[in-house]
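Quick notes on the structure that follows.
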Amino acid sequence: MLPSRRRPKTAPSTDRPFERVWRLVRRIPRGRVATYGQLSDLVGRRLTPIGVGWAIRAAPEDSLPWHRVVNGRGGISTDNESPGLQRALLEGEGVRFGKDGRIDLDRHGWKPRQR
DNA sequence: GGTCTGACTAGGT
DNA sequence: AACCTAGCCAGAC
């Protein structure tokens, strides 16, 4: 790590936390889901889980499979924005929801192979 | 530059 | 199981 005094003020865009989150989200395969906390860990906690949500919302529309990101209990956190949409998109990929409206993360959770 | 804001989470009651 | 709370931190203004 460079001493902070010598680090460029603006990191290259590929290293910015938002970009890192976006790249990760694009790696989530169809029919699998990741959680905000998991993505936060994967970016080295440079964003908190709530920051991850913000990063995803800030992405250009239709640039990410944003619907594959759910909260840590397998629940949908976007129903204030677009009620029912995320669940419908996931069901369209074969993701099953329990009676409680939650996804079984053991069954559908994304387990990145590397990085 | 300080302040505010979340598509969250873990831990407590 | 259903609340409550503090903590988290990059970006917007």
Side-chain angles (χ1 to χ4, degrees):
Chain A
M1 188 59 128
L2 247 36
S4 57
R5 235 177 70 254
R6 306 193 58 227
R7 218 181 321 160
K9 321 167 177 53
T10 313
S13 71
T14 53
D15 284 344
R16 282 162 45 205
F18 277 30
E19 296 283 351
R20 297 172 81 95
V21 169
W22 297 347
R23 284 206 306 279
L24 281 168
V25 173
R26 287 192 269 257
R27 289 178 51 203
I28 308 171
R30 274 179 60 88
R32 316 243 72 165
V33 297
T35 71
Y36 299 97
Q38 181 183 7
L39 295 174
S40 173
D41 287 342
L42 288 170
V43 298
R45 298 187 173 279
R46 293 178 58 207
L47 283 178
T48 58
I50 200 165
V52 169
W54 194 9
I56 294 171
R57 183 156 58 159
E61 267 195 273
D62 302 323
S63 66
L64 300 180
W66 59 269
H67 59 283
R68 296 179 189 145
V69 185
V70 299
N71 68 40
R73 302 172 317 282
I76 298 296
S77 298
T78 62
D79 273 347
N80 284 341
E81 302 252 324
S82 46
L85 176 60
Q86 184 171 10
R87 175 168 177 158
L89 290 170
L90 286 171
E91 288 180 324
E93 305 188 341
V95 174
R96 312 280 294 274
F97 285 73
K99 281 180 221 167
D100 56 4
R102 295 186 191 174
I103 298 163
D104 179 356
L105 293 177
D106 288 331
R107 180 187 171 95
H108 290 292
W110 177 46
K111 296 156 198 79
R113 296 287 169 146
Q114 57 220 357
R115 282 229 180 256

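Labels below follow one simple rule: chain letters A, B, ... track the order of the sequence lines, proteins then strands, and each chain is numbered from 1.
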**Study point:** Check: Trp22(A) main-chain N/O paired with Arg27(A) side-chain donor or acceptor under 3.5 Å
**Key:** no
Review point. Okay, side chain of Arg26(A), backbone of Ser63(A): is any donor-acceptor separation there less than 3.5 Å?
Key: yes
Practice item. Quickly, which of Val69(A), Ile28(A), Val21(A), Ile56(A) forms a side chain to side chain contact (heavy atoms under 4.5 Å, CB included) with Leu64(A)? Name it, please. Key: Ile56(A)
When the distance from [atom1] of [X] to [atom2] of [N] is rounded to whole Å, what number comes out?
X        : N       : atom1 : atom2 : value
Leu89(A) : dA7(B)  : CG    : P     : 18 Å
Trp54(A) : dC8(B)  : CH2   : P     : 14 Å
Leu39(A) : dC9(C)  : CG    : P     : 16 Å
Arg57(A) : dG11(C) : CZ    : C1'   : 13 Å
Asp41(A) : dC8(B)  : CG    : C1'   : 12 Å
Trp66(A) : dG6(B)  : CH2   : P     : 18 Å
Ile50(A) : dT5(B)  : CD1   : C1'   : 8 Å
Phe18(A) : dC9(C)  : CZ    : P     : 14 Å

Review point. Should Arg87(A) and His67(A) count as side-chain neighbours, where that means a heavy-atom distance under 4.5 Å?
Key: no
Review point. Taking the side chain as C-beta and beyond, is there a heavy-atom pair between Arg68(A) and Arg32(A) under 4.5 Å?
Key: no
Check: protein-nucleotides 9-13 of chain B nitrogen or oxygen pairs below 3.5 Å:
| from | atom 1 | to | atom 2 | distance (Å) |
| --- | --- | --- | --- | --- |
| dT9(B) | OP1 | Gly37(A) | N | 3.4 |
| dT9(B) | OP1 | Gly72(A) | N | 2.9 |
| dT9(B) | OP2 | Gly72(A) | N | 2.8 |

Study note, to complete from the structure: By nearest-nucleotide position on DNA chain C, the 5'-leaning member of Arg45(A) and Arg102(A) is Arg102(A)
Review point. Which part of the nucleic acid does Ile56(A) contact within heavy-atom distance under 4.0 Å: base, sugar-phosphate only, or nothing?
Key: base
Review point. Thr48(A) has a side chain; which of dC9(C), dA7(B), dA10(C) sits nearest to it?
Key: dC9(C)
